[in-house]
Enquirer: 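Could you have a look at this structure, given as structure tokens, before my questions?
A, B, ... follow the sequence lines: proteins, then strands. Residue 1 opens every chain.
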Number of protein chains: 2
Amino acid sequence: MDPTHIFDVVEFRDAYRISYLANAVVLPGYEAVKHQFGLNRGEYLLILCLAHYPMLTAQDVARLSRRPRNTISRAVHRLVDDGYIKRAPDPEDGRQARLTITPAGRALNNEIAVVFRKRQEKILSALTGQERQILDVLLQKVAVHTAISAD
Amino acid sequence: MDPTHIFDVVEFRDAYRISYLANAVVLPGYEAVKHQFGLNRGEYLLILCLAHYPMLTAQDVARLSRRPRNTISRAVHRLVDDGYIKRAPDPEDGRQARLTITPAGRALNNEIAVVFRKRQEKILSALTGQERQILDVLLQKVAVHTAISAD
DNA sequence: TCAATTTAGTTCCACTTGGAACTAAATTGG
DNA sequence: CCAATTTAGTTCCAAGTGGAACTAAATTGA
């Protein structure tokens, strides 16, 4: 049984491969993060988002990470308790709160990023430097287009 | 807040984009399948695998789809009951069973494939025909390399 | 040849997940 | 200016998930 055969014959080749790669690379990464750092997926995604924007609301994080708001809500409380993020009421809008990452949170993000970078390296090692550049450009186009188009 | 900013600055750009695209395209597809056809993710993946190989064991499906064996086990029983797949004892190895798709299962797979093909079209519409060909080649390389390299 | 190990598949259970309903605050429009 | 609607965030709960332990069958090796 050739495990790569389905890549050639599945009805939606590219979407299948993207999903396969995400399963093979990112999901085991979340497992590793859970074991090494005690963070579940929502918690890590919250850290990751806050590490790359100066300030976000929980709603922003939900949209960025495409996760339901309740999982973000839980993650916020957990990470505030643990000192990785800060939560301040928004003086201009009483509904929302301003979330920022703390130095401890940023340090944690840097540690975890190593895990995912290693996994990325492993799969991209199939490509030459030039091919990697091209893939990078194409994925950027597709990802940006997906992010800005309404569902 | 620019939702695409993180694509440029995250520590593992390509893996992040791949994961983002999988979340944006495939996971909502599973949701649609659950609502329209009443199949959960493991059940659909089982159908999908069996639609592209003449015969597989549950273990084969677990490896192909990178899902834990117990979810496949549950899916097998459910889909046998529903008449979408067939399960026959292997005369040469009493531990395993031979799984095959039925005509009803194949018809269901064709219906569901339309859902995912549409979603794939939507995201790939950001690229020209030539770019799509290149992306296809590069994703194939990376996916095959990932599939054949031991974890 | 038979004890020890490996492999396929299942069951159990603790945890995660995410939809839906809810509260509270802001905005809209008549 | 206030009733109706929208939006941010939370809580509740039913369902899904996947690790671990288990049974049974096959393989390995002394």
Enquirer: Just the rounded figure in Å: distance from C1' of dG9(D) to CG of Leu46(A).
Expert: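 Roughly 14 Å, once rounded to whole Å.
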Enquirer: Of the residues in residues 33-42 of chain B, which ones touch DNA chain C at a heavy-atom distance under 4.0 Å?
Expert: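 Result for residues 33-42 of chain B: none.
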Enquirer: Sequence neighbours left out, what pairs pass salt bridge (charged side-chain N to carboxylate O under 4.0 Å, His left out) with at least one residue falling in residues 15-28 of chain B?
Expert: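 Qualifying pairs, neighbours excluded: Asp136(A)-Arg17(B), Asp14(B)-Arg17(B).
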Enquirer: Applying ring-ring contact (aromatic ring centres under 6.0 Å, His included), name anything that partners Phe7(A), two or more places apart in sequence or on another chain.
Expert: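 Testing Phe7(A) for ring-ring contact (aromatic ring centres under 6.0 Å, His included), a comparison that skips the adjacent residues, returns Tyr16(A), Tyr20(A).
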Enquirer: Looking only at heavy atoms, which two atoms of Val142(B) and Ile123(A) are closest? And how far apart?
Expert: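 Closest heavy-atom pair between Val142(B) and Ile123(A): CG1-O, 3.8 Å.
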Enquirer: Which of residues 67-77 of chain B sit near DNA chain C, with a heavy atom under 4.0 Å from it?
Expert: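 Within this stretch, Arg69(B), Asn70(B), Ser73(B), Arg74(B), His77(B) sit under 4.0 Å of the strand.
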Enquirer: List the residues meeting side-chain contact (heavy atoms from CB on, under 4.5 Å) with Asn70(B), not counting sequence neighbours, and say none if there are none.
Expert: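 Only Pro68(B), Arg74(B) meet the side-chain contact (heavy atoms from CB on, under 4.5 Å) criterion with Asn70(B).
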Enquirer: Please name all residues satisfying side-chain contact (heavy atoms from CB on, under 4.5 Å) with Leu27(A), sequence neighbours left out, ordered by chain then number.
Expert: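 Leu27(A) satisfies side-chain contact (heavy atoms from CB on, under 4.5 Å) with Asn23(A), Tyr30(A), Arg41(A), Arg41(B) once adjacent residues are dropped.
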Enquirer: Strictly below 4.0 Å, heavy-atom distances to any atom of DNA chain D: list the hits from residues 57-64 of chain A, or just say none.
Expert: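 Heavy-atom contacts with DNA chain D come from Thr57(A), Ala58(A), Gln59(A), Arg63(A).
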Enquirer: Looking at residues 79-95 of chain A, who's got a heavy atom less than 4.0 Å off DNA chain C?
Expert: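 Only Asp93(A), Gly94(A), Arg95(A) qualify.
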Enquirer: What pairs meet the ring pair (Phe, Tyr, Trp, His ring centres under 6.0 Å) rule with one or both residues in residues 117-147 of chain A, with sequence neighbours excluded?
Expert: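 Residue pairs passing ring pair (Phe, Tyr, Trp, His ring centres under 6.0 Å), neighbours aside: none found.
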Enquirer: Show every ring pair (Phe, Tyr, Trp, His ring centres under 6.0 Å) that has at least one partner inside residues 55-94 of chain B, sequence neighbours left out.
Expert: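 Matches after skipping sequence neighbours: none remain.
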Enquirer: Using five pairs at either end of the helix from dT1(C)-dA30(D) to dG30(C)-dC1(D), determine the angle between the two local helix axes and round it to 10 degrees.
Expert: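 One end axis against the other gives 30°.
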Enquirer: Would you list the pairs meeting ring pair (Phe, Tyr, Trp, His ring centres under 6.0 Å) in which at least one residue belongs to residues 47-71 of chain B, sequence neighbours left out?
Expert: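 Those involving residues 47-71 of chain B are His5(A)-Tyr53(B).
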